[in-house]
Every structure is written in structure tokens, then in C-alpha cells.
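For reference, the structure discussed in these notes is given below.
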Amino acid sequence: ANPVLSTLTHFHDEYLAHIVSHKCPAGVCKALLHFTIIPDHCKACGLCKKDCPTSAISGERKVPHVIDQDLCIKCGACMDACPFDAIIKE
């Protein structure tokens with residue numbers, strides 16, 4: 001029981017974030033991640049759309065793209081492909 005009590009003491013805020021807010025402050029829990037495209041940074045080049053294995057990214061040329069969270073498997077391929085740092089992991 002001591003290891004569990006120790007983590008509850010030292011990582012109380014992280015536990016609350018997971019349980020109450022459904023967010024992972026460390027960014028490692030795949031189920032709680034959301035990849036988002038920042039419209040102001042997106043140049044609509046299509047590289048992220050091309051590299052997405054589930055076709056979760058939609059958008060036309062010269063129009064900022066959007067990620068469908070229902071289709072996204074949170075692999076991070078889009079983030080790796082984007083040369084403009086327009087995709088963030090939350």
C-alpha cells in the first residue's frame with residue numbers, strides 16, 4: 001500500500017486531472033490525448049492528411065485542416081509530418 005499512498009501524496013494534481021478533467025498533464029495516456037490543428041499556423045499543405053493512417057484529417061488546399069477526434073487513433077504521425085508545428089498534443 002505504501003507505493004500507492006506515496007504516489008497519491010506526490011502526484012495528487014495529476015490524479016485529479018485524470019479523474020476529473022480527463023486530461024493527462026504528462027501527455028502519455030493515449031486515451032486522454034487530443035491532437036488539434038491550430039488554424040493560424042496551418043498552411044493547408046496536406047502533408048499531415050497524407051500521413052494519417054485513418055484519414056482522420058480533412059480539409060481542402062489553402063483551407064486549414066481539421067482532425068476528426070472519433071477517427072483519430074492518436075499515433076502522432078500528423079504531428080511528425082507537419083513542418084509548420086501547426087498540430088499540438090493536448
Side-chain angles (χ1 to χ4, degrees):
N2 285 338
V4 174
L5 292 174
S6 179
T7 62
L8 284 171
T9 301
H10 296 290
F11 301 103
H12 181 73
D13 294 338
E14 285 84 354
Y15 276 101
L16 284 179
H18 279 82
I19 296 166
V20 177
S21 304
H22 301 288
K23 300 222 181 224
C24 179
V28 294
C29 299
K30 271 189 155 185
L32 300 177
L33 287 180
H34 293 284
F35 286 90
T36 307
I37 297 175
I38 303 169
D40 293 340
H41 294 145
C42 181
K43 306 294 185 207
C45 64
L47 292 175
C48 61
K49 185 176 176 181
K50 185 182 86 163
D51 283 0
C52 181
T54 60
S55 301
I57 301 174
S58 60
E60 300 298 322
R61 299 267 288 131
K62 300 185 180 182
V63 177
H65 291 43
V66 179
I67 299 174
D68 183 346
Q69 296 299 325
D70 293 331
L71 295 175
C72 182
I73 59 171
K74 296 149 180 74
C75 65
C78 57
M79 194 174 195
D80 295 337
C82 182
F84 306 106
D85 295 326
I87 301 173
I88 57 171
K89 177 171 56 171
E90 299 178 307

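If you read the sequence from its start, that first residue is 1, and numbering goes on from there.
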Do the side chains of Cys42 and Phe84 get nearer than 4.5 Å, heavy atoms only? no

To the nearest 0.5 Å, what is the distance between CZ (Arg61) and SG (Cys45)? 7.5 Å

By side chain to side chain contact (heavy atoms under 4.5 Å, CB included) - contacts of His34 (at least two apart): Gln69

Just wondering, do Cys48 and Ile87 contact through their side chains at under 4.5 Å, heavy atoms? yes

Taking C-beta and beyond as the side chain, do Lys49 and His65 meet within less than 4.5 Å on heavy atoms? yes

If you take all heavy atoms of Lys74 and Leu33, which pair is closest and at what distance? CE-O, 2.9 Å

Looking at every heavy atom in both Ser55 and Leu71, which two are closest together, and how far apart are they? O-CD1, 3.9 Å

Using every non-hydrogen atom in the two residues, find where Cys82 and Ala86 come nearest and quote the distance to one decimal. SG-N, 3.4 Å

Distance check, rounded to the nearest 0.5 Å: Glu90 atom CD versus Lys23 atom NZ? 5.5 Å

Quick one, His41 and Asp85 - any side-chain contact, counting heavy atoms below 4.5 Å? no

How far apart are the closest heavy atoms of Ile73 and Lys30, and which atoms are they? O-NZ, 4.3 Å

Does Leu8 reach the side chain of Tyr15, with side-chain heavy atoms less than 4.5 Å apart? yes

How many angstroms lie between CD1 in Ile67 and CD1 in Ile37, if you round to the nearest 0.5 Å? 4.0 Å

Counting only heavy atoms not in Glu60, do more than 12 sit closer than 6.0 Å to its CD atom? no

Here the gap from Cys78 atom SG to Asp51 atom CG, rounded to the nearest 0.5 Å, amounts to 9.0 Å

List in chain and number order the residues that pass side chain to side chain donor-acceptor pair (under 3.5 Å) with Thr54, two or more places apart in sequence or in another chain; answer none if no residue qualifies. none

Does Thr9 use its side chain to pair, donor to acceptor, with the backbone of Leu5 at less than 3.5 Å? yes

If we only count heavy atoms from C-beta on, is the Leu47 to Pro83 side-chain gap below 4.5 Å? yes

For Phe11, I'd like to know if atom CZ has over 12 heavy atoms of other residues, nucleotides or ligands within 6.0 Å. no

If the condition is side chain to side chain donor-acceptor pair (under 3.5 Å), which residues does Glu14 pass it with, not counting sequence neighbours? none

Linking I/L/V/M/F/W/Y whenever their side-chain heavy atoms sit closer than 4.5 Å, directly or via other members, would Ile57 and Met79 fall into one cluster? yes

